[in-house]
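Down below is the structure, laid out as structure tokens.
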2 protein chains.
Amino acid sequence: MRTRIQNIIMTPGVREEKHISFVNDAEIHIHGNRIVYAGKKECAPAFEADQVINGGGALAMPGLCNMHTHTPMTLLRNVGSDLDLNNWLHQAIFPLEACLTDEAVRAGTDLGIMEMLSFGTTSFCDMYMHMDAVAEGVLHSGMRALLGHGIVDFDGSCADLEPGIAFAKKWHKAANDRIRVSLAPHSEGATTPEVLQKVEQWAGKLKIAIHTHVSETQFDVNGCIKRHGMTPPQYLDSLGLLSHPIVAAHCVWFTDKDIALFAKRGCTIVHNPISNLKLASGIAPVHKMLQAGCKVAIGTDGVASNNNLNLWEEMKLMPLLQKGTMLDPKVVSPAQCLAAATTVGAEAMGYVDLGLLKEGYLADLILLDLNQPSVVPVNDMENNLIYATLGSHVKLTMVDGKVLYQNGQFTTLDGKAVLARGARAAQELAEKAIAKAAENV
Amino acid sequence: MRTRIQNIIMTPGVREEKHISFVNDAEIHIHGNRIVYAGKKECAPAFEADQVINGGGALAMPGLCNMHTHTPMTLLRNVGSDLDLNNWLHQAIFPLEACLTDEAVRAGTDLGIMEMLSFGTTSFCDMYMHMDAVAEGVLHSGMRALLGHGIVDFDGSCADLEPGIAFAKKWHKAANDRIRVSLAPHSEGATTPEVLQKVEQWAGKLKIAIHTHVSETQFDVNGCIKRHGMTPPQYLDSLGLLSHPIVAAHCVWFTDKDIALFAKRGCTIVHNPISNLKLASGIAPVHKMLQAGCKVAIGTDGVASNNNLNLWEEMKLMPLLQKGTMLDPKVVSPAQCLAAATTVGAEAMGYVDLGLLKEGYLADLILLDLNQPSVVPVNDMENNLIYATLGSHVKLTMVDGKVLYQNGQFTTLDGKAVLARGARAAQELAEKAIAKAAENV
């Protein structure tokens, strides 16, 4: 398929630029799953297209990477409100998760992918259970994802390791390389040194990334210091894990030493501002991290602690929280936010050709409607993008060269059926958990 | 006009209830501008309607009150980013505002009203200049508002007082009582004791509210202490202003004594979390204020420090910021957020019959689409409302018994023309300011 997108404004996106640039009167050409031209219309080479998309003056930009979520938790949306992480997990989440089936996870995955596509997210990084069902959802929906089978190990048996490795062998680089796999030890607190050492070895053997929760709460950090005499980053480094590509979610309670270590090792931090506020975990020192040269991506976390998958809220909050708590309006730029939501995540997923609208890059992109009252007048385009734009302004989402969402319609998912199946699966899950609790009384 | 809204779920809204309640299979009857029935369909009396609205399973709830904004600042959207309040005002905002005309303010007002209606805001509280143009916009659009002519006084001449009084005499209770007027001294720092004393006297004579900025930044509070030996709340109280109905915007740097004073006097605090973060002013101690019995409403502030008028973002941030900074997930309930966005504001505007869906109340209400992927499954309706719902889920907005917005269409505003006029007015304003600056060089 050869697609031309015309009648658009465009930003190529950012890596380390200080400002986001924009191109008026732009055009994008896509051949198969790759961008073959993105720039000024007047400079475009001849291109015969099978499909022409009229952007109607929309802003074209790279699709968003939601770098830490648990997609099937859509079924647990709004569950366990007003609890801290530890109580939320044990009282509200675990009893429901214990009743999950492949079928339920598939229903929750479709629902989450549908929500993400509607808000312009084109790839996500996930760690959960029943991961074959998640991978199947990614395969069929046309989404892109870095997936990991969550590894928990309290007794040193390393029982979750084997399924994690098997999952990687089965799915890594599947679906035209839209699926990549990580090894995903849950966190220091939910694993043993034995299993982390094996994860470290296997990540090297399989040449895949590691995805884990790091220093999410004070409780986590204090526990790690008690158990190992070090903070979680220092402990993970002592086991060699930080020498692999690593996606570290949360990183709320980082010391200056932790930040310096992460910067030195090139680890990717995933900032989850809403989840961290909602579970009263705290606010990550993102400005300090960026100043130190850390890679900072962003994520929504699961919807039981958010309670949606609209990454635009995280993009707006990332700079706001730093400005408001440091009492310095200059910290964290629009360009740093956009990089966090695109190129930093793409790189952490292991792609060198994702996150920019640029010749040779994978065609993951979105169109934003600029004809909405909340983004008129523009005055300053980069601030408009970060502070005024809403997820609902996304009018088209393309992944790997295919349009998956356009003007409220999905091309690979049956919207009505997904909503109905999601609602039903959530109800069945709640009923099962109640029945199980009654049995155990 | 007699309107029946059917096929809905409904919340009557909240005043001081601990939880938000919901009624399934509900129906609402509206006669003229008042609700004559709101509750279970099966308990509804016979009602012959001229107009039947099929909610399609939507959630009906009271319309939102945006209790502190400067609507015409839509023309200044995204201007002056990454500056603190003081520099933002003097470097970016004032030079543009000096070039405003009635016509520009009218264009900006229409644009802001259009944006607010699309996000379910049915009334707003404004303080600005060229206020006749704002009032005309409210009159013609069908919106509801508490409006005040901004009073600045640096030299004791009290020159702004007379226009403020004249505006009140002209517009208070106009437009079928949709418009109410306040006296609006800008802030302690931008006024003299002379003018505040006169405001105090006139507020009593005219029996109208006072709207002002209070303790927005540390700079404001330190300046007030230097000038008057007291914090802004204590100073305003010493002049008698707190004994009138008062709408106090921001209140970021309140001491425990300030909080106790506001609670005792029954003043209304307007929390503007996004604006306070964006301008690096800080985070108001909202939980403490609520604990002390203060009335807390919410607002967006103007869009140059937000940068939109989507009050759902403030509703979500209000509890999140308290949880995340106090490290306590239990503080600030969904019911407190909903009250802040509805009844607390309605009462501060001087209405005793606004903010609830209840027999005899004014018919300001909205319908929310529950068939969107980001609010399915519901699991917990009150948390869904505060944490998962987006402004774009609003499918119908009714003010004073009239539908003003439905499914992307406006009934009193020509959407396309308003967008075009707003964009043009912003451009002209920028050009004028540049020309003026060149003259002054």
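Protein chains get the first letters and strands the later ones, always in sequence-line order, with residue 1 at the start of each.
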Quick check: do D301(A) and T69(A) have side-chain heavy atoms less than 4.5 Å from each other? no
Applying a strict 4.5 Å limit to non-hydrogen atoms, the region of L309(A) in contact with chain B is neither
Turns out that what part of A423(A) lies under 4.5 Å from chain B's heavy atoms comes down to both
Honestly, the part of Q218(A) sitting under 4.5 Å from a heavy atom of chain B is side chain
Bottom line for V375(A): the part with an atom under 4.5 Å from chain B's heavy atoms is backbone
What one should report as the nearest heavy-atom pair of A92(B) and G80(B) is CB-CA, 3.5 Å
Closest non-hydrogen atoms of N78(B) and P377(A), given as atom of the first, atom of the second and distance, are ND2-O, 4.0 Å
Turns out that what part of N87(B) lies under 4.5 Å from chain A's heavy atoms comes down to neither
Counting heavy-atom pairs under 4.5 angstrom with chain A, the leader among L279(B), I274(B), T389(B) is I274(B)
So, the part of S374(A) with a heavy atom under 4.5 Å from chain B: the answer is both
Scored by heavy-atom pairs under 4.5 Å with chain A, the best of G324(B), G408(B), A426(B), P373(B) is P373(B)
Per-residue tally against chain A (heavy atom, under 4.5 Å) across T325(B), V331(B), V418(B), L75(B) peaks at L75(B)
Q) Quick one: are E115(A) and T121(A) in side-chain contact, heavy atoms under 4.5 Å? A) no
Answer key: most heavy-atom pairs under 4.5 Å with chain A among K316(B), Q427(B), M326(B) is K316(B)
Closest non-hydrogen contact found for D82(A) with K323(B) is OD1-NZ, 2.6 Å
Notebook entry, point to check: With a 4.5 Å heavy-atom cut-off, do L317(B) and I298(B) have their side chains touching?
Noted result: no
Answer key: most heavy-atom pairs under 4.5 Å with chain B among V376(A), N383(A), V332(A) is V376(A)
The interface call for V252(B) against chain A, heavy-atom contacts under 4.5 Å, is neither
Greatest number of non-hydrogen atom pairs under 4.5 angstrom with chain A, of N306(B), L85(B), N276(B), I283(B), falls to N306(B)
Taken to the nearest 0.5 Å, the spacing of N66(A) CG from F119(A) CZ works out to 11.5 Å
W253(A) and E216(A) have their tightest heavy-atom pair at CD1-O, 3.6 Å
Nearest heavy-atom approach of M143(B) to T122(B) is SD-O, 3.3 Å
Of the listed R424(B), M114(B), K278(B), the one with the largest count of heavy-atom pairs under 4.5 Å with chain A is K278(B)
Under 4.5 Å to a heavy atom of chain A? For D328(B) that would be backbone
Quick check: do R77(A) and N308(A) have side-chain heavy atoms less than 4.5 Å from each other? yes
Note: vs chain B, highest number of non-hydrogen pairs under 4.5 angstrom among N310(A), L390(A), V79(A) is L390(A)
Q. Will you find, in the side chains of H19(B) and E382(B), an N or O donor that is under 3.5 Å from an N or O acceptor?
A. yes
Okay, N384(A) and chain B: the region with an atom under 4.5 Å from a heavy atom over there is both
So, the part of L76(A) with a heavy atom under 4.5 Å from chain B: the answer is backbone
